[in-house]
Amino acid sequence: MENKQSSSPASFVDSTVVPGDVVLDLSSMTNQTIKLGGGLRQDCDAISATKAGTLRFSKPNKYWIESSQKRYVPCVEDTILGIVVDSKADNFLIDIKGPAMGFLPVLAFEGGTRRNIPKFEVGTLLYLRVVKANFGMNPELSCTDASGKAAEFGPLKDGYMFETSTGLSRKLLSSPACPVLEALGKKLSFEIAVGLNGRVWVNAASPDTIVVVANAIMNSECLSGAQQIIMVDHLLKNIQ
Amino acid sequence: MEEADEMVTPGEVLGKATDLKAGKGAYAASHNNTIYASLTGFRRIQAPPPASNDKRPTVEVTGHKAHGPVPEPGSVVIARVTKVMARTASADIMCVGPKSVREKFTGIIRQQDVRATEIDKVDMHLSFRSGDIVRAVVLSLGDARAYYLSTAKNELGVVSAESSAGATMVPISWTEMQCPLTGQIELRKVAKVVN
């Protein structure tokens with residue numbers, strides 16, 4: 001028969017859900033506060049999914065839906081890679097692969113004043129932090145961390161940028177380190193910046209290294225940890 | 001009053017300023033003392049009120065269906081918020097006083113005009129959302145694109161808003177509205193309900 005419509009929370013956690021599935025029934029869970037993350041919506045007593053993906057639960061009370069897309073939905077405190085599209089009097093307009101352009105205020109840099117406004121050409125790649133991301137408004141970005149220090153944010157020079165899905169970006173940033181990055185790091189030396197909006201920037205001394213790293217990362221999306229290590233060994237053997 | 005008057009267009013001569021007084025939709029040009037029409041409509045002449053010294057009849061241009069009410073500085077308007085940005089919110093003016101408008105007027109509510117206290121700490125996203133109905137007062141004619149509106153009084157602000165679940169929210173305080181279906185509280189600059 002089809003899947004049993006049991007509404008106890010344990011049955012849906014870590015399994016795939018599609019939009020419309022009722023994943024939690026609040027009438028059976030009284031006196032609890034639960035926090036709903038992205039992809040979940042409350043309709044009176046039923047919590048239903050609005051995104052297709054895997055339902056995740058983290059103690060004590062957080063539920064959210066994890067999925068991997070090409071398009072990025074801005075979230076506060078995400079670190080992303082943006083490309084300058086235009087500059088206006090007060091803001092730079094940044095393309096962040098999302099539904100709307102991001103605004104980077106001209107003063108949002110360490111030690112930024114009206115006298116030393118940076119001049120970015122159209123097409124400059126920047127490593128940024130999302131400050132405000134409200135529905136319907138353009139997200140506000142910044143090149144400083146929460147305390148105002150530069151902390152690696154800002155323009156990225158040289159190197160090569162390629163696009164990935166948002167799920168792969170999150171895997172690359174997870175800790176402990178992603179197997180493909182560990183395996184590459186043992187043999188090659190390179191610099192990498194991962195944006196949660198599905199962009200990755202790689203820089204190394206020689207173009208060969210950059211290409212190998214980029215290809216290894218792009219191949220690793222659907223491979224398990226062990227398969228990733230085998231794939232990296234294979235690639236490195238071919239260039240040695 | 002005469003019936004079945006002629007239709008006039010802006011710029012047409014209506015008479016001399018020595019014979020007529022300019023009423024609604026007409027104006028007197030000072031350099032040659034002529035009255036011209038400034039709107040499209042029917043030319044009507046009204047007899048002078050018996051009590052005044054001025055014996056000239058008033059000519060006015062009325063009757064065209066586009067002559068709805070127009071927002072004036074100081075008038076209270078009802079508007080629907082269309083876009084909320086970092087320091088401004090745009091709104092479509094729907095009613096001026098008790099009457100609905102016949103053409104499209106746009107208004108802007110600036111960050112400093114949202115409320116009367118702590119105006120530099122206003123977060124536009126916590127005061128208005130797209131789709132809210134607000135009561136505001138017109139500050140000025142603004143620029144070519146939009147009137148300047150203000151909600152900086154207790155009885156001005158969000159009158160009606162929909163929650164993210166789709167239900168009309170109930171105001172709880174001057175900063176909060178609650179959804180009746182889910183119980184979620186959303187922040188807005190709420191207008192005080194005066195009975």
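A note on names: the letters A, B, ... follow the listed sequences, proteins ahead of strands, and every chain is numbered from 1.
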Residues of residues 125-145 of chain A within contact distance of chain B, non-hydrogen under 4.5 Å: Lys132(A), Asn134(A), Phe135(A), Gly136(A), Met137(A), Asn138(A)
Listed pairs under 3.5 Å, donor-acceptor, residues 10-20 of chain B side chains, sequence neighbours left out:
residue: Glu12(B); atom: OE2; partner: Thr9(B); partner atom: N; Å: 3.3
residue: Glu12(B); atom: OE2; partner: Thr9(B); partner atom: OG1; Å: 3.1

Run the side chain to side chain donor-acceptor pair (under 3.5 Å) test against Thr151(B) and tell me which residues pass, sequence neighbours left out. none
Greater than 12 external heavy atoms within 6.0 Å of Lys24(B)'s NZ: no
Could you name the residues of residues 69-93 of chain B that have a heavy atom within less than 4.5 Å of a heavy atom in chain A? Lys83(B), Val84(B), Met85(B), Ala86(B)
Okay, Thr182(B) and chain A: the region with an atom under 4.5 Å from a heavy atom over there is both
Counting neighbours of CD on Glu152(A) that are heavy atoms of other residues, nucleotides or ligands and sit closer than 6.0 Å, is the number greater than 12? no
